[in-house]
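One structure is given below, encoded as structure tokens.
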Amino acid sequence: MLDYLLQRGLLSVVTLAVISLVVFTGVRLIPGDPARVLAGTDADEAGLDEIREKYGLNDPIPVQYLRWVGLALRGDLGESIRTREPVARTVAMKLPITLELACLSLLVALALALPAGVFAALRRNTVWDVLANGVSLCGLSVPNFWLGIMLILLLSVRLGWLPASGFVPLLEDPLGNLRRMLMPAFVLGTGLAAVLMRQTRNSMLEVLSADYIRTAYSKGLRQRAVVLRHAIRNGLIPVVTVLGLQMGALMSGAVVTEQIFVVPGFGRLIVEAVFTRDYPLVQGVVLITASAYVLVNFLVDLSYSLLNPRIRIRGTARGA
Amino acid sequence: MGPEGAAGGWLRRGWRRARRRPASVAGALVVLGFVTLALGAPWIARTDPLQTDWSRIRKAPSWAHPLGTDDLGRDGLARVVWGTRISMQAGVFSILFAMAVGVPVGLSAGYYRGALDQVVMRLTDAWLAFPFLVLAIGLVTILGPSLVNATLAIGLGATPTFIRLTRGLVLAAQEEDYVQAARALGGGDLRLMARHILPNIASALLVQATVSIPTAIIGEAVLSFLGLGVQPPAPSWGTMLNAAQQFLESAPWMAWWPGLAIFSLTLAFNLAGDGLRDALDPRDY
């Protein structure tokens with residue numbers, strides 16, 4: 001187990017190092033003086049000198065890189081050109097909003113995908129199975145930003161049931177917050193639900209044909225008990241892995257969804273940063289997003305090893 | 001059996017399987033329809049998609065304008081038809097780019113293994129950590145927004161998938177007897193890769209390309225919707241949806257058609273891709 005964790009941890013560190021190198025190089029690829037790029041066009045000579053000194057822009061590139069990584073590790077990702085606020089603080093303010101949206105959409109996705117996937121597997125090759133597959137295929141094919149626009153058209157413009165946009169902090173007005181987050185969470189959740197439903201169905205089909213399930217049936221257990229006690233636990237292991245891999249898609253989806261529903265989260269921040277050419281903010285957001293993805297997948301690896309005893313035992317045996 | 005006989009057998013087998021999946025055949029036909037629209041846009045859409053007319057701003061669908069007009073009085077049908085060309089271009093060329101980079105890199109990594117393989121795998125790990133849109137946004141920030149840059153960004157986003165898939169397929173193919181036999185006969189590395197391994201993994205790569213194209217089409221629409229891809233007044237489905245957002249109450253048709261076009265095309269590609277996967281699956285004889 002320890003060997004496995006160390007191996008995965010080491011791989012994650014190497015990946016993070018490569019990511020930081022890519023992000024660092026990316027900003028250096030922007031044409032023009034890097035000090036001007038990082039300080040903005042409004043900055044005066046004193047501001048430029050300050051940036052040059054802070055990042056050691058006159059030093060050799062490898063030294064600059066190490067200095068930048070050192071600052072980033074201490075949470076210093078520079079200052080936003082537009083607001084002059086530290087990037088880390090700006091991100092910390094926006095991140096909880098996107099995390100709330102991501103958690104709600106995850107709930108929507110799981111609530112739709114797991115029952116549908118299990119049901120489709122249990123009713124294999126019936127109308128229900130075909131229907132579930134059809135809906136999942138449509139979910140995969142529908143662009144979420146169009147779905148968002150259509151929902152606004154129906155639920156806000158035509159029926160007036162839900163507010164089309166805007167945001168109220170969760171702690172200020174929980175009900176108002178939920179009313180405004182419902183549509184974005186549904187839009188973001190459907191794409192994920194489609195992927196998870198397919199995966200749940202496939203892995204449940206595999207599990208349901210296993211010997212131990214036949215044994216459980218032959219012991220006289222009812223289908224409900226077999227599915228709930230034996231099949232789901234094993235059937236969901238691959239779903240957890242897919243869930244980790246889908247985090248990137250969830251982040252991409254959040255960028256667009258927040259744009260449509262005017263949710264002032266992390267995704268909207270990055271688009272605004274691009275349009276205002278706020279390079280330090282773009283750099284910080286890209287670095288944090290990619291690092292979060294690596295971290296989430298490391299945690300998924302951990303949970304995978306906890307859910308699947310074979311990995312744990314194999315790891316322990318090798319470690320012993 | 002001669003090569004013609006083998007090809008005939010393959011086609012017959014493919015057709016037999018295709019008949020079992022009418023939805024996939026329908027998907028392939030819809031894709032073909034969109035290809036025709038993209039290629040024949042100048043002849044199918046007789047109106048100029050860029051021509052504004054202040055006398056027919058935001059007109060509902062009618063005989064004269066079956067898909068209505070937009071906020072600048074441009075014909076909706078002409079813009080959707082021309083938008084097909086942009087979407088197809090972005091979808092197909094980005095995946096061709098991803099294959100042109102990903103397949104040779106994956107082939108070399110899987111064939112030579114060792115340090116090269118390790119470096120390539122760590123690079124793809126890092127590459128995959130950038131969510132597609134975040135990577136695209138980063139690239140567009142550096143390169144500037146345009147169709148070419150959006151296509152490049154989408155292609156770069158899809159490249160690691162092709163590297164990993166090709167590498168995995170090569171690792172499996174190398175253990176096969178026909179590769180061992182070709183090596184024993186003294187075939188060089190390049191010959192082995194190009195003449196023996198590549199043709200045998202091509203079908204799996206083709207399937208991956210088919211299922212990647214719809215993602216790329218949505219990617220272009222998203223980037224254009226955000227203002228990071230095709231720039232107005234060019235008729236991209238994404239930019240059309242962006243404009244439609246402001247007129248949902250007064251002109252909802254502006255949002256219906258471009259979205260429906262993206263949905264139909266991606267659904268058709270997904271259906272066709274599923275069918276192709278089954279048709280080319282060697283386990284299913």
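Not measured: the values here are computed from a predicted model. Below, read A as the first sequence line, B as the second, and so on, with proteins coming before strands; counting in each chain starts at 1. What's counted below: heavy atoms across the whole structure, side chains too, no hydrogens, waters or symmetry copies.
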Options [options], ranked by heavy-atom pairs under 4.5 Å with chain A, top entry:
options                                : result
B/Val134, B/Leu123, B/Leu265           : B/Val134
B/Ile262, B/Ile217, B/Leu260, B/Val140 : B/Leu260
B/Gly259, B/Pro252, B/Ala255, B/Ala126 : B/Gly259

Closest contact, heavy atoms only, A/Cys138 versus B/Phe263: O-CE1, 3.6 Å
Interatomic distance, A/Ile149 atom CD1 to B/Leu248 atom CG [nearest 0.5 angstrom]: 6.5 Å
Heavy-atom contact with chain A under 4.5 Å, split by part of B/Leu143: neither
Part of B/Phe225 lying under 4.5 Å from any heavy atom of chain A: side chain
Stepwise side chain to side chain contact (heavy atoms under 4.5 Å, CB included) test for A/Ile19 and B/Phe130: CA-CA 8 Å; A/Ile19 287 169; B/Phe130 294 98; 3.7 Å; yes
Let me know if [X] has heavy atoms under 4.5 Å from chain B in its side chain, its backbone, both or neither.
X        : result
A/Val142 : both
A/Ile260 : both
A/Val286 : both

Heavy atoms from other residues, nucleotides or ligands near CZ of B/Phe93 exceed 12 (cutoff 6.0 Å): no
Contact check, side chains of A/Leu137 and B/Leu271, non-hydrogen atoms, under 4.5 Å: yes
4.5 Å side-chain heavy-atom contact, A/Phe275 and B/Leu228: yes
Qualifying residue, where the test is side-chain contact (heavy atoms from CB on, under 4.5 Å) with B/Leu133 and the options are A/Val255, A/Val271, A/Ile270: A/Val255
So which N and O atoms of chain B and chain A form donor-acceptor pairs under 3.5 Å?
from	atom 1	to	atom 2	distance (Å)
B/Leu133	N	A/Ser252	OG	3.1
B/Ala255	O	A/Trp146	NE1	2.9
B/Thr266	OG1	A/Ser141	O	2.7
B/Asn270	ND2	A/Ser141	OG	2.9
B/Asp274	OD2	A/Arg198	NH2	3.1

Choice from A/Val18, A/Leu250, A/Leu153 maximising heavy atom contacts with chain B below 4.5 Å: A/Leu153
